[in-house]
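Model, not experiment: these values are computed from the prediction. Just so you know, ligand 1 is whichever comes first in the structure, and atom 1 is the first atom listed for that ligand.
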Amino acid sequence: MHRPEALLVMRPDTYRLQFGAEELRRLRALAELGDPVWTDDLDTPRVRARLAETEVLLTSWGCPVLTEERLDAAPKLRAVFHCAGSVRPIVSDAVWRRDVLVTSAAEANATPVAEYTLAAIIFAGKQAHVLAAQSRLKPVDWYAVGDREDLSNYGRTIGIVGFSRIGRRVLERLRALDTAAVLVADPYADSEAVAAAGGQLVELDEVLKRSEILSLHLPELPQTRGSIGARELALLPDGATVVNTARGSVIDTAALERECASGRLNAILDVTDPEPLPADSLLPSLPNVMITPHIAGSLGTETRRMSAQALSELERFVRGEAPLDAVTREVLAVSA
Ligand SMILES: NC(=O)c1ccc[n+]([C@@H]2O[C@H](COP(=O)([O-])OP(=O)(O)OC[C@H]3O[C@@H](n4cnc5c(N)ncnc54)[C@H](O)[C@@H]3O)[C@@H](O)[C@H]2O)c1
């Protein structure tokens, strides 16, 4: 077994978080680690000397873009194992022009987002965030809510936009609820795969017209920017909740603000556009809107699930096996 020369490239805090004793033990068993083991700067003479021998990079948040010039300094480079979600911040055309394997840990990063989404959907069903905000102003009487039909997680119709890694995991988790239907919109999805996951693939407009809770899991691409605009929001039934853990830009923020300010729609948002919202934005002050600061993805110990995925990819590479989650230019064109 050839143990390739490896270099870790990420911010210092990310390195400390993602590579504890267990991860470093696993890495040392698979690869040669020189000096330095880790860096966040690919341009110093000391790191350039290491790069000349480096065969694999383990990258994460804070890795500089892998430009032509930096890749020229790494002539032996054969693979980049990204220990985080999207590889967009680090790849350049130069990476695709070379025969370098790139893998991502987006599958591992999908788990906490799906968990957050399930929690958001359950809270949306009971309008927990709305009642909590109202209680801060005036105690909410149990008898005033006890006879409301709309505070329920039984027999709901849930809409999912994007049968993506996260979208698929959300569908799996929704099996835990007694939903009436889970409707999925995705121009690239296969209806049999959606059905096997417990959903029904339909057109976006039908998802919008029927969903009491709408959860967005589509990637941010030029064609998805603002794709949930005023027209789309207007199709949602009165009282529906929009859950967005994808990217703020896929929704028209002004249109969502109008719908929520009128009280017709509610929202639970982990992402906004812009992010954070300006200080004078109305959206965060609305009692029917809950905003969290982009926390659905991997945080804290969850980041080690991503390290584990990258190390499994390295293990497969060392054994000469095919990667599980290789990213190519074509894959990236429709991915997060
Ligand atoms: N809040 C967070 O912390 C957090 C963390 C991770 C990912 N995200 C975001 O979550 C979203 C989903 O991420 P992922 O890794 O599951 O994505 P992914 O890369 O797996 O998604 C790709 C899939 O999305 C679907 N898709 C593409 N265009 C679409 C469209 N116009 N309409 C519907 N579906 C479409 C296709 O099935 C495609 O295969 C992305 O926007 C991503 O940026 C957020």
**Q** If the threshold is 4.0 Å, N to carboxylate O, is there a salt bridge linking Arg88 and Glu220?
**A** no
**Q** Regarding Lys209 and Glu203, does a basic nitrogen lie under 4.0 Å from an acidic carboxylate oxygen?
**A** no
**Q** Can you confirm whether or not the ring centre of Phe163 sits under 6.0 Å from the ring centre of Tyr188?
**A**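 When the ring centroids of Phe163 and Tyr188 are compared, they turn out to be at least 6.0 Å apart.
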**Q** Could you tell me whether Asp99 and Arg78 have a side-chain N and a carboxylate O separated by less than 4.0 Å?
**A** no
**Q** Check this for me: does any side-chain nitrogen of one of Arg210 and Glu206 sit under 4.0 Å from a carboxylate oxygen of the other?
**A**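 Salt bridge: yes.
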**Q** Any carboxylate oxygen within less than 4.0 angstrom of a Lys/Arg side-chain nitrogen, looking at Arg156 and Glu149?
**A**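 A salt bridge is absent here (no side-chain N lies under 4.0 Å from a carboxylate O).
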**Q** One pair per line, please: each N/O atom of ligand 1 matched with every protein N/O atom under 3.5 Å away, atom names first, then the distance to 0.1 Å.
**A**
unit_1: ligand 1; atom_1: 1 (N); unit_2: Thr245; atom_2: O; d: 3.0
unit_1: ligand 1; atom_1: 1 (N); unit_2: Asp270; atom_2: OD2; d: 2.9
unit_1: ligand 1; atom_1: 3 (O); unit_2: His294; atom_2: NE2; d: 3.3
unit_1: ligand 1; atom_1: 3 (O); unit_2: Gly297; atom_2: N; d: 2.8
unit_1: ligand 1; atom_1: 16 (O); unit_2: Ser164; atom_2: OG; d: 2.8
unit_1: ligand 1; atom_1: 16 (O); unit_2: Arg165; atom_2: N; d: 3.2
unit_1: ligand 1; atom_1: 16 (O); unit_2: Ile166; atom_2: N; d: 2.8
unit_1: ligand 1; atom_1: 19 (O); unit_2: Arg165; atom_2: NH1; d: 3.4
unit_1: ligand 1; atom_1: 19 (O); unit_2: Ala336; atom_2: N; d: 2.8
unit_1: ligand 1; atom_1: 20 (O); unit_2: Arg165; atom_2: N; d: 3.0
unit_1: ligand 1; atom_1: 20 (O); unit_2: Arg165; atom_2: NH1; d: 3.3
unit_1: ligand 1; atom_1: 34 (N); unit_2: Asp186; atom_2: OD1; d: 3.4
unit_1: ligand 1; atom_1: 34 (N); unit_2: Asp186; atom_2: OD2; d: 3.4
unit_1: ligand 1; atom_1: 37 (O); unit_2: Asp186; atom_2: OD1; d: 3.3
unit_1: ligand 1; atom_1: 37 (O); unit_2: Asp186; atom_2: OD2; d: 2.5
unit_1: ligand 1; atom_1: 41 (O); unit_2: Leu218; atom_2: O; d: 2.8
unit_1: ligand 1; atom_1: 43 (O); unit_2: Arg247; atom_2: NH1; d: 3.3
unit_1: ligand 1; atom_1: 43 (O); unit_2: Arg247; atom_2: NH2; d: 3.4

